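The next block holds one structure in the form of structure tokens; read it before the comments.
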Amino acid sequence: MAERSRKVNGRTDRTTTKAFGAGYGLWVGLAIGLFVAYSIADLISGLLHAEISLPLALDAPLASLTFPAGTAWLVGITELAAPTEALATETIVFLIISKVTLIFTAIACAVALVPVIRDIACGTPFTDRAIRALGALEWFIAGGFGLYVVVTILGSNLASRDLGIADEAGAGISSMQAFLLLGTVGGIELLRRCFSSGRQAQDDIDGLV
Amino acid sequence: MVEAFGSARVVCHLDLLLTRRGMTLTELSRAVDVSLANLSVLKNNRAKAIRYSTLMAVCAALDCQPGDLLTIERAVE
């Protein structure tokens, strides 16, 4: 726990805060931590079994699934576990880079969120530190996921070439994911501007011009 | 300014400077990019603190020094 003091209406108000912001940061950290741990475990497990998972968009029905009631064809974006021996070295490199990029982006986002969550938990959300952290979070998401998208498109296209299904399969990134990325970055920018306005309003209330 | 230290208080002479320069508070607000409400708080001696950036912008717009804008008045004992 850390003891912080701040002046409220001329009185010094000492509050104790837990290291993870009264639990809020712990929940967010747990969610991101689980995602990172799962991604790392998935990558290592795949490599140990000499296979690597990659997203592909199946434009033509390549594989069928037989059910008691009939047969269904697999189309659209799906995740394949391809044997590494069937893929070229550069393909494997691109796919590993895409996975590592995702992991590091998640870690960077978690680190960027820490000051925001701490300040919210302390009851003083509109701090310069929190506003700067939201700006950094935007850049991490835009840059990290942007790089992930580029590398994944390259890797999955190379993989479809190596597997001989270049005409039937495309990169496993949908336009919906791109919209989701833009929406997330836009939402965080909106939140950052709200925090800036909140800071201004707080300063006005405090009599600072 | 409402913050008083013992018997002393900071007084803002913004209205006097505006009259001398022939400027309105609205024009000053646009020039220094500070809201009209905040400048009004400053003018009416209700501000508790002023940022250096605001002080420098107001002094630049009114072509004055901080000492022209703010003075300390001590109560006569």
Side-chain angles (χ1 to χ4, degrees), chain A residues 2-17 21 112 114-139 142 185-209, chain B residues 1-18 21 23-73:
Chain A
E3 194 174 274
R4 294 167 190 261
S5 61
R6 60 186 179 119
K7 278 206 167 180
V8 177
N9 295 329
R11 302 182 288 109
T12 301
D13 186 32
R14 287 197 174 81
T15 56
T16 54
T17 58
V114 165
V116 179
I117 294 169
R118 275 196 176 168
D119 288 341
I120 291 172
C122 285
T124 54
F126 307 131
T127 59
D128 283 338
R129 186 175 63 172
I131 293 165
R132 277 197 305 270
L134 285 173
L137 181 66
E138 271 180 67
W139 280 108
V185 171
I188 293 171
E189 171 63 17
L190 208 64
L191 188 66
R192 193 186 66 83
R193 290 188 185 202
C194 287
F195 271 49
S196 289
S197 299
R199 171 63 190 259
Q200 194 78 22
Q202 193 159 35
D203 286 344
D204 289 347
I205 290 167
D206 290 342
L208 173 68
V209 297
Chain B
M1 305 244 185
V2 296
E3 285 293 332
F5 295 87
S7 58
R9 65 187 193 112
V10 176
V11 178
C12 181
H13 303 284
L14 186 59
D15 46 357
L16 190 63
L17 289 167
L18 283 171
R21 301 286 180 272
M23 198 187 280
T24 64
L25 202 62
T26 310
E27 287 165 355
L28 181 64
S29 166
R30 280 195 216 112
V32 302
D33 196 26
V34 173
S35 68
L36 195 60
N38 277 349
L39 284 181
S40 181
V41 163
L42 186 64
K43 184 168 96 73
N44 296 319
N45 292 308
R46 285 186 288 116
K48 292 189 180 106
I50 183 168
R51 291 189 188 90
Y52 279 153
S53 56
T54 304
L55 182 63
M56 283 166 57
V58 170
C59 288
L62 296 175
D63 189 28
C64 67
Q65 288 293 318
D68 300 326
L69 181 67
L70 304 165
T71 56
I72 295 175
E73 280 183 5

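From a predicted model like this one, the values you see are computed outputs, not experimental measurements. First the proteins, then the strands, lettered A, B, ... as listed; each starts at 1.
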Original post:
Can you pull the ring-ring contact (aromatic ring centres under 6.0 Å, His included) pairs that have at least one residue in residues 188-209 of chain A, sequence neighbours excluded?
Top reply: Phe126(A)-Phe195(A)

N/O donor-acceptor pairs between chain B and chain A, cut-off 3.5 Å:
unit_1   : atom_1 : unit_2    : atom_2 : d
Asn38(B) : ND2    : Asp204(A) : OD1    : 3.0
Lys48(B) : N      : Gly207(A) : O      : 2.8
Ala49(B) : N      : Gly207(A) : O      : 3.3
Ala49(B) : O      : Val209(A) : N      : 3.0
Arg51(B) : N      : Val209(A) : O      : 3.0
Arg51(B) : NH2    : Asp203(A) : OD2    : 2.6
Thr54(B) : OG1    : Val209(A) : O      : 3.4

Original post:
Heavy-atom count around Met23(B) CE within 6.0 Å, excluding the residue itself: above 12?
Top reply: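 Yes, the 6.0 Å shell around CE holds more than 12 heavy atoms from other groups.
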
Subject >> Under 4.5 Å from a heavy atom of chain A, the part of Val41(B) involved >> reply: side chain

